[in-house]
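Report on one structure; see the data block that follows.
The structure presented is a predicted model; accordingly, all values stated were derived computationally and were not measured. Protein chains get the first letters and strands the later ones, always in sequence-line order, with residue 1 at the start of each.
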Amino acid sequence: MNSARLTGGFFTRDVLEVAPDLLGKNIVVKKKDAEARCRITEVEAYRGEDDLACHASKGKTARNYIMYEHGGFIYVYFIYGMYWMLNVVTGPAAEPQAVLIRAVEGFAGPGKLTRELGIDRSFYGENLEKSARIWVEEGPLQGSVATGHRIGIDYAGEYWMTRPWRYFIV
DNA sequence: AGCAAGATCGGT
DNA sequence: CCGATCTTGCTG
């Protein structure tokens, strides 16, 4: 039925491979009777406990434990008192990595796209390979991939702040 | 129990 | 540039 749905093998690779590969793919969210299907246009990679910008930099907590699972799960968290951030867990188990979805076609901004798609806490831990309400579908990459530094993580220090781990379509 | 900070956004 | 708004994790 959903032959184009991406499966586990896509997500269990290193986050620095998965993040750019997600560009052009479609995030699908089922709402009531309709399906919202949006092309991913901008993402950021967060990679392991060494990465001071990654939520796992201080070890496993009640908030981030899903990042320690193998790739393919959804990690959502609430920030600034009003926005939900949508992330895709990547890599093998016990290596905390995730891709933040920063923009999709039509909705630029990680807080705005979750509001539009209706993503909230209830999506925490959803399995993209099996979930009936959220998954990722194959899609062509139109344009080329550009990189840049990650946004809003100045607290992580010069080195991590300047990793070119934001990827977007131009 | 209290507090400071935050992977944002929209209005000055 | 600044405030909104509240969960989380750390400190005591």
Between [atom2] on [N] and [atom1] on [X], what's the gap in Å once rounded to a whole number?
X: W84(A); N: dT7(C); atom1: CH2; atom2: C1'; answer: 9 Å
X: H55(A); N: dC10(C); atom1: NE2; atom2: P; answer: 13 Å
X: I153(A); N: dA5(B); atom1: CD1; atom2: P; answer: 18 Å
X: K60(A); N: dG9(C); atom1: NZ; atom2: P; answer: 13 Å
X: K112(A); N: dG11(B); atom1: NZ; atom2: P; answer: 10 Å
X: E44(A); N: dT8(B); atom1: CD; atom2: C1'; answer: 12 Å
X: L52(A); N: dA5(B); atom1: CG; atom2: P; answer: 17 Å
X: R63(A); N: dT7(C); atom1: CZ; atom2: C1'; answer: 8 Å

Exercise for review: Measure centre to centre between the rings of Y75(A) and Y77(A), then say whether the value is under 6.0 Å.
Suggested key: yes

Practice item. May I ask you to check if K60(A) and Y68(A) form a cation-pi contact, with NZ or CZ under 6.0 angstrom from the six-membered ring centre and within 45° of the axis? Key: yes

Just to be sure I understand the rule, does [X] reach a base, reach only the sugar-phosphate, or reach nothing, if contact means heavy atoms closer than 4.0 Å?
X: R166(A); value: nothing
X: G81(A); value: base
X: L100(A); value: base

Practice item. Could you pick out which residue, Y83(A) or N64(A), lies toward the 5' side of DNA chain C when each is mapped onto its nearest nucleotide? Key: Y83(A)

**Study point:** Polar pair under 3.5 Å, donor/acceptor by atom type, side chain Y77(A), base dA7(B)
**Key:** yes

Revision key, fill the gap. Using Watson-Crick geometry (N1-N3 plus N6-O4 or O6-N4) or G-U wobble (N1-O2, O6-N3), each under 3.5 Å, dC2(C) is paired with dG10(B)

Check your understanding: So does R150(A) get a side-chain nitrogen or oxygen closer than 4.0 Å to the phosphate oxygens (OP1/OP2) of dT8(B)?
Key -> no

Exercise for review: May I ask you to verify if any side-chain N or O of R102(A) is less than 4.0 angstrom from the OP1 or OP2 atom of dT8(B)?
Suggested key: yes

Practice item. Return the stacking result for dA4(C) and Y80(A): yes when the ring centres lie under 5.5 Å apart and the planes under 30°, no otherwise. Key: no

Nucleotide of [options] approaching [X] most closely (side-chain heavy atoms):
X: M82(A); options: dT8(C), dG10(B), dA4(C); value: dA4(C)
X: K58(A); options: dT7(C), dC10(C), dA4(C); value: dC10(C)
X: Y155(A); options: dG10(B), dT8(B), dG6(B); value: dG6(B)
X: F78(A); options: dG9(C), dT7(C), dA7(B); value: dT7(C)

Exercise for review: Could you tell me whether D51(A) and R150(A) make a salt bridge, using a distance below 4.0 angstrom between a side-chain N and a carboxylate O?
Suggested key: yes

Practice item. Not counting sequence neighbours, which residues clear side-chain contact (heavy atoms from CB on, under 4.5 Å) with F78(A)? List them please. Key: W84(A)

Check your understanding: Can you tell me if Q97(A) and T90(A) form a side-chain donor-acceptor pair at under 3.5 Å?
Key -> yes

Review point. When you check the side-chain N and O atoms of E126(A) and Y124(A), is any donor under 3.5 Å from an acceptor?
Key: no

